[in-house]
4 protein chains.
Amino acid sequence: MSVSPSFRPAAPAAGRPRQRRVTDALLSAALAEFARHGLDGARIETIARTARTSKQAIYRRWPDKTTLFSAALDHAFAGSRPDPAQRLSAAADLDRFVRGRIEVLTATSLGPAFVQALASRPQVKAVLDGVEEDWRLTLRQMLVGTAFEAGMETRIDLVLGYVHRCLVAERRPSDVEIETAVHLVLGLMPPRRPPGCR
Amino acid sequence: MSVSPSFRPAAPAAGRPRQRRVTDALLSAALAEFARHGLDGARIETIARTARTSKQAIYRRWPDKTTLFSAALDHAFAGSRPDPAQRLSAAADLDRFVRGRIEVLTATSLGPAFVQALASRPQVKAVLDGVEEDWRLTLRQMLVGTAFEAGMETRIDLVLGYVHRCLVAERRPSDVEIETAVHLVLGLMPPRRPPGCR
Amino acid sequence: MSVSPSFRPAAPAAGRPRQRRVTDALLSAALAEFARHGLDGARIETIARTARTSKQAIYRRWPDKTTLFSAALDHAFAGSRPDPAQRLSAAADLDRFVRGRIEVLTATSLGPAFVQALASRPQVKAVLDGVEEDWRLTLRQMLVGTAFEAGMETRIDLVLGYVHRCLVAERRPSDVEIETAVHLVLGLMPPRRPPGCR
Amino acid sequence: MSVSPSFRPAAPAAGRPRQRRVTDALLSAALAEFARHGLDGARIETIARTARTSKQAIYRRWPDKTTLFSAALDHAFAGSRPDPAQRLSAAADLDRFVRGRIEVLTATSLGPAFVQALASRPQVKAVLDGVEEDWRLTLRQMLVGTAFEAGMETRIDLVLGYVHRCLVAERRPSDVEIETAVHLVLGLMPPRRPPGCR
DNA sequence: TACTAAGCGAGACGGTACGTCGAGTCTTTGG
DNA sequence: CCAAAGACTCGACGTACCGTCTCGCTTAGTA
């Protein structure tokens, strides 16, 4: 699933090894550039200069821009894989999932770029399908075997759609909003709120 | 809101007027090309040739590719507003809304381009924000004054998110799926199904 | 030989006649523009605007830029056709010829454009060959039947070459220089000058 | 004087060096294209393709078409200086000079381009002014200290003018014609010819 | 007097070339 | 074998100018 930066087959370590410093700088620079300009608007040369290195250092690691984009996302998500289902309560699990996904993508401003890439030509989309499938899997684990198994895929689509909307709008919804969305998806009653509150 | 191809304010018609034939052909060609390849993948030259005209005819009307993209989307959405609320039943209204939106956008293959544009730089996004607001308004009219007025905005976000997902995936959901999604958003029980059916 | 601005065959006079004012303004503007930028550097649009008229007024009179160029030269030469041979003295005739040709072309700064056109693709060159042939003819009339008939064509080439050089250099030679050149071409002794003079 | 393709002053060779192969191929291709179509008629793309390279390779070396034209002429004239004066006989020297200049320029078909350049805007003209000055110098060395020193500059103008005419006309004059021209310029009797010969 | 054919100014039209930019690859010197 | 620099090919961009066309108007000369 993850796009590792190396493609050397099994050579134990011939010649000078790659510097992790360079790789890290590239991923950070790429992240910033993609967040600012989107997949197509980002310029490889700019990423290289920002990382104080050269284009070739990029192409030695990733075959093309699309793959770099994917790797940068991977990097951003590293350590922030969706927490696995706790299986305590579907509502709590979903709530944490939604909150977490929105958190990491708005923090890095990658939301729009992420959605844009999902809507791109298949070749680009394919790179992110892995991520999506990952999310779907996690959500399935949260719902399977519960009372909410019925219409599971549609529930999942609703959750993912809701996340996408927040990413596109670059808007972090309030706790109550997330809670409401989750309750609706699960077919529970939405939480009470004082009258007059929307 | 709309990106009209002409910017001459009140000139009393000096010189040869622009041919509507050419403008229309260009918008159609642009729509097709953008739908097929996205904003950045589309080629201006191809659009011009498809419309059996020249690049200059394009640049005489719109200053750059981005603006042309906006205008093309504008053109596509003209005359395809969502049906207004029937106020018979919220569920029926929502069902028709979702079905209709997905219908028109998958028919023209504009789904991905639409979402991509929403996630683009503000200049492009602005064109579609009007469309979105339109949709939102319609949805509000469907829900306001009903039992589902509580959490209305979140319900709307769920509906729109669901539509977006279908557009991105270029997948037309089944009738049952739409029905399920609508019932969930409204907090009704999902329809009964024989056991074993997912 | 001359390139008249009209190509209407024998129609006596139907419709609105062309305005001489416009034709003249165009020729003047063309002359200035060609002098400043050469045949290829000149811009039709600029000529039209300078003459306070439109491109179409040009193309109604002359089929293309090359022909306009030729017409402009014709116009510049009008009234300054090389004086025919006086048959008094070959030396005097030649002197007047050289002086006259240089005069008219440096006065209008057309020298470089003229030579440049002569050195252009055949299609352009053809337009000026008429002028050249005209000159050649005049020169022949000056020499034929005199003692200088021997090697006449070479003498003519020498004279024309000398004129070209002065045009290219945009330099108007002194009276003495012209006199010297003519005497040499005729095989006469150059004029005596006080020692020390170059 | 010369328009070298590189402008890097003393950089100690960073990055991949420009390939002489490409530079040479470009200059040759440019020369051929300019010779065939003149400065404005030549197409950059054609030059690049002929040299089996790309437009970028051209623009990396020379900022625009005009400069490339200059560089190409420069290249063509490198190593083709006129033979120095032999000081045996002014007539013989001049004869060899005229013959040689016409030879080299008609061989490469550069005659018209050469004259066209001389008549161009100063920026282009400057490249060839050096060449011209060279020729002038050689001619002066042939005449100075001889009986033909009187009116030397005018004699030189006649010679150069004669050469230009031949170049423009792309006509290689016969031996007799050249001999005649030289004799006239020197004020000697033209060679005897059988009656009936022009 | 009205009609009619053409000139006129403005500007759109299709086409060709320009000079620029970015992607991804290749080739140097130096570690 | 990596690193940095920069040349390399390719293909698209947006601009400029040519010569043509189509508007709404004006201006003779004829009916």
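The structure displayed is predicted, hence computed values, not measured ones.
- F:dA3 atom C1' lies 10 Å from atom CZ of A:Arg21, rounded to whole Å.
- For D:Arg121, the salt bridge (charged side-chain N to carboxylate O under 4.0 Å, His left out) criterion is met by no residue, not counting sequence neighbours.
- Note: CG (B:Leu68) to C1' (F:dA12) measures 15 Å, nearest angstrom.
- Rounded to a whole Å, the CH2 atom of D:Trp62 is 15 Å from the C1' atom of E:dG19.
- Summarising the geometry, the separation between CD on B:Gln56 and P on F:dT15 is reported as 8 Å, rounded to the nearest angstrom.
- Scored by the salt bridge (charged side-chain N to carboxylate O under 4.0 Å, His left out) test, B:Lys55 finds no partners at all (sequence neighbours excluded).
- Partners of B:Lys65 under the salt bridge (charged side-chain N to carboxylate O under 4.0 Å, His left out) rule, at least two apart in sequence or in another chain, do not exist in this structure.
- Nearest-nucleotide assignment on DNA chain F puts the 5′-proximal partner with B:Asp64, out of C:Gln19 and B:Asp64.
- DNA chain F lies under 4.0 Å from at least one heavy atom of each of the following residues of residues 29-51 of chain A: A:Arg49.
- Between C:Phe114 atom CZ and C:Leu73 atom CG the span is 7.0 Å, to the nearest 0.5 Å.
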Could I get a table of every N or O pair under 3.5 Å where one atom is in the protein and the other is in nucleotides 2-5 of chain E?
none

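- Between B:Lys55 and D:Ser54, the one whose closest nucleotide on DNA chain F sits nearer the 5' end is D:Ser54.
- Atom CZ of A:Phe69 is separated from atom P of E:dA23 by 14 Å (rounded to the nearest Å).
- A donor-acceptor pair is defined here as one N or O able to donate and one able to accept, closer than 3.5 Å; no such pair exists between the side chain of A:Glu33 and the backbone of A:Thr46.
- The distance from atom CD1 of B:Ile44 to atom CH2 of B:Trp62, rounded to the nearest 0.5 Å, is 9.5 Å.
- Of the side-chain N and O atoms in B:Arg18, none sit less than 4.0 angstrom from OP1 or OP2 of E:dG11.
- The side chain of C:Tyr59 places no N or O atom within less than 4.0 Å of a non-bridging phosphate oxygen (OP1 or OP2) of F:dT20.
- A side-chain donor from one of B:Thr23 and B:Arg61 sits under 3.5 Å from a side-chain acceptor of the other.
- Nucleotide E:dG24 holds its P atom 10 Å from the CD1 atom of A:Ile58, rounded to whole Å.
- Residues in residues 108-119 of chain C take part in these side-chain hydrogen bond (donor to acceptor under 3.5 Å, both in side chains) pairs, two or more places apart or across chains: C:Gln116-D:Ser120.
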